[in-house]
Amino acid sequence: MAGTSDVATEKCSPAESLGVMKLNDHKAGMQGLDTAKINQIIEEASKGSQFYQHKQKNQERINAKIANLKASCAKLSEEQKKLGRAKMDSLARKLELMRDLSRTIVHVDMDAFYAAVEMRDCPELKTKPMAVGSSAMLTTSNYHARRFGVRAAMPGFIAKKLCPELVIVPTNFPKYTEVSRQVQKVFADYDPEFSAASLDEAYLDITDFLIARKDAGAEMTAAEAVEEMRAKILESTQLTASAGIAPNGMLAKVCSDKNKPNGQFVLENTREAVMEFIKDLPIRKISGIGNVTEQLLGSLGVGTCRDLWDKRELLYLLFSESSYDYFLRVALGIGSFGGDGSERERKSVSCETTFRSTSEHEELCDIIRQLSNDLAQDLERLGLTGRSVTLKYKTDKFDVKTRITQLLDPTRDGAVIAKAALSLLPVGLHLRLLGVRMSQLTSPAVTGNNNSSRKQRTLDELLLAAECPARKKRKLDAQVSNSLTEPDPTTTTPLLFTCPVCHSWRTSDGEVALNSHIDECLNQQVLYPETTSTGCSSSQAKLDRYVIRRAK
DNA sequence: TTGTGCCTC
DNA sequence: CAACGAGGCACAA
């Protein structure tokens, strides 16, 4: 919700690079507005500012990229295209084999969450256009405000020009966190392992819940279950939620937007239903395709998922492996990972702050020291130390740079972090933002050899157990999958596992050998697809991981 | 490894 | 007057 996604920069001719600031109006509650008038006001308020100039420069870079892409495209021979199409068709067959229609995934999204909470707690606001945030930036707006073009990721002072009577309420994170906890309690009734994507959004797999109901003689449809869940959320929080029900997270997310607010949408678990749904879907609706990707693909004539399929040979020939793999998954309506909110290990911790632009060295040093102390506290709270310190800074022209340095030993000492970060600070620049990040994280609480990933994971589990059982479980799952490619050095017994395709037992004789074995199996499966129908869902999961590794 | 860019909420 | 903050991943050199 609190989107930072840049205001949609719709296609604009290179000649007049105006329109860089255009309103992003393809979200819920924004249909049928006088966008011309709104855009004019936004343009007016932005023109000439450093931010605006930065946006323009950025758009020019994108335009150059597009020109490049088009040039490469024009050079392609028919021969190459034919080959590219064949490659993609082969990949598509593999993906098709892994298509899993056995699960019922739900994406739940609270409606205008922060704004809804504030309206609930202050009824006078209900009839007024209001937004949560500050004059510098809004995180959410209510539906009344959206009629004026006021939306998340818009600076409050511009929103005021669009809607002078707009009430701006400051954010109250502790409150939203508390409400979020209540909502998540309801989620847990339907999937104890649900995965929270943010305070107001989560992915649930209700397959087992539905089976349990049926076994108990109280069968209900997915739609009924989700209606009930949303009613429970309303009851316990007085807030409405929208939901999407689909065979995978990627599609469920799109579906939850369909009948927003206070609605839901079911996509049947059949290939036909999925392909019909995906056909005319604008690619921008898919999580992971943002402003830039939309423009790049748009320049190739790709606007919908069907276009993605029709032009698949171009994707293969012009983009990286992980990109065309992802695009093909989208074109086929097959979920990918990460986009479905699966839990991941934390890789970094950071603090940053924006301030009135200055070039005063001592002032900047003070800010870095402050940030370093804040970061040290966060690390302390999380029970982590780290070995890499990154300094991030943004100039008054909005250019962002990062510099990184390695420490000799992992630390969470604020003074040590500050010293490292200060050494990265360039002199004589006008800056408006500074940030300090710690990465290469390790857990220091293990005495002695603190680099053992085995011990680290164990400790993470202990820490996680305190906060959320579902997360703990997911971590353990991740650990199991890791053992597939990273044999635990502390054990001497060789690991055994079954090939997800042929189900034969294999020893862990290395990732390469394993992958080539699976490749062989898959190729055979493509020739004899009928043999795959027996594959159970757990082998599906392993296959998914296999593809992740290959894509990398 | 270092640094940038894109993307998400 | 005035355009966030935190985090992950891909990619290139």
Side-chain angles (χ1 to χ4, degrees), chain A residues 1-7 20-21 27 42 45-46 48-55 58 61-62 65 109-110 113-114 132-140 152-161 168 171 173 176 180 196-202 253 284 286-296 319-326 336-357 371 374-375 378 387-394 396-406 424 432-441 548 551-552:
Chain A
M1 40 149 306
T4 186
S5 65
D6 293 329
V7 184
V20 179
M21 305 300 302
K27 281 286 181 184
I42 296 175
S46 312
S49 69
Q50 287 293 349
F51 183 76
Y52 184 80
Q53 288 176 32
H54 179 260
K55 286 300 264 194
N58 205 33
R61 267 202 298 270
I62 297 169
K65 243 173 151 173
D109 195 348
M110 300 299 292
F113 187 49
Y114 300 174
V132 178
S134 68
S135 73
M137 186 58 60
L138 304 179
T139 62
T140 340
M154 177 181 280
F157 72 91
I158 287 182
K160 280 273 195 187
K161 298 200 172 168
I168 296 178
T171 50
F173 266 102
Y176 313 141
S180 180
S198 65
L199 284 184
D200 77 316
E201 232 180 274
K253 166 114 179 143
R284 184 60 193 270
I286 274 110
S287 179
I289 297 185
N291 171 38
V292 177
T293 311
E294 180 187 37
Q295 288 191 54
L296 288 177
F319 291 87
S320 69
E321 182 181 356
S322 66
S323 294
Y324 70 65
D325 182 87
Y326 169 69
S336 54
F337 340 86
D340 63 356
S342 51
E343 300 281 339
R344 286 181 294 257
E345 269 184 53
R346 181 188 284 276
K347 300 238 169 44
S348 68
V349 187
S350 66
C351 288
E352 63 185 70
T353 182
T354 295
F355 43 84
R356 190 177 36 81
S357 172
L371 287 169
D374 293 349
L375 179 58
D378 286 351
R387 290 188 55 241
S388 291
V389 174
T390 302
L391 182 75
K392 169 180 172 180
Y393 56 89
K394 194 192 288 184
D396 58 351
K397 305 243 184 288
F398 287 86
D399 287 321
V400 176
K401 305 260 184 233
T402 61
R403 298 164 152 263
I404 189 166
T405 184
Q406 307 287 329
L424 300 172
R432 69 185 328 273
L433 171 148
L434 279 167
V436 181
R437 167 161 54 221
M438 183 66 85
S439 50
Q440 305 251 318
L441 301 177
I548 291 185
K552 178 151 190 301

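Just so we're on the same page: letters track the sequence lines, and every chain starts at 1.
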Starting from the 5' end of DNA chain C, give me the residue, A:Ser46 or A:Lys392, whose nearest nucleotide shows up first. A:Ser46
What's the closest nucleotide to the A:Ser348 side chain, out of C:dG5, C:dA2, C:dG8? C:dG8
Check every atom of C:dA3, B:dT2, C:dA2 against the side chain of A:Gln406 and return the nucleotide holding the closest atom. B:dT2
Given atom CZ of A:Arg346 and atom C1' of C:dA6, what is their separation to the nearest angstrom? 9 Å
Is the distance from OP1 or OP2 of C:dA2 to the nearest side-chain N or O of A:Ser135 less than 4.0 Å? no
Base, sugar-phosphate, or nothing: which does A:Lys65 touch, judged by heavy atoms less than 4.0 Å apart? sugar-phosphate
Of the nucleotides B:dC6, C:dG8, C:dG7, which one has an atom closest to the side chain of A:Val349? C:dG7
Can you find a side chain N or O atom of A:Thr354 that sits less than 4.0 Å from OP1 or OP2 on C:dG5? yes
Of the nucleotides B:dT8, C:dA3, B:dG3, which has the atom closest to the A:Phe51 side chain? C:dA3
Taking atom OG1 of A:Thr405 and atom CZ of A:Arg387, what is their separation to the nearest 0.5 Å? 10.5 Å
Test A:Tyr324 against A:Phe319 for ring-ring contact (aromatic ring centres under 6.0 Å, His included), laying out the working first. CA-CA 6 Å; A:Tyr324 70 65; A:Phe319 291 87; 9.2 Å; no
Can you tell me if A:Ser322 touches the phosphate of C:dA10, counting only side-chain N or O atoms and a distance under 4.0 Å to OP1 or OP2? no
Looking at A:Lys55, I'd like to know whether one of its side-chain N or O atoms comes within less than 4.0 Å of OP1 or OP2 on C:dA3. no
A:Leu433 atom CG is separated from C:dA3 atom P, nearest whole Å, by 12 Å
Rounded to whole Å, how long is the line connecting atom CG of A:Leu138 with atom P of C:dG5? 14 Å
Distance test, side-chain N/O of A:Lys394 to OP1/OP2 of C:dC4, below 4.0 Å: yes
Short side-chain N/O contact to C:dA3 OP1/OP2 from A:Ser49, under 4.0 Å: no
Please determine, for the side chain of A:Lys253, which listed nucleotide (B:dT8, C:dG7, B:dT2) has the closest atom? B:dT8
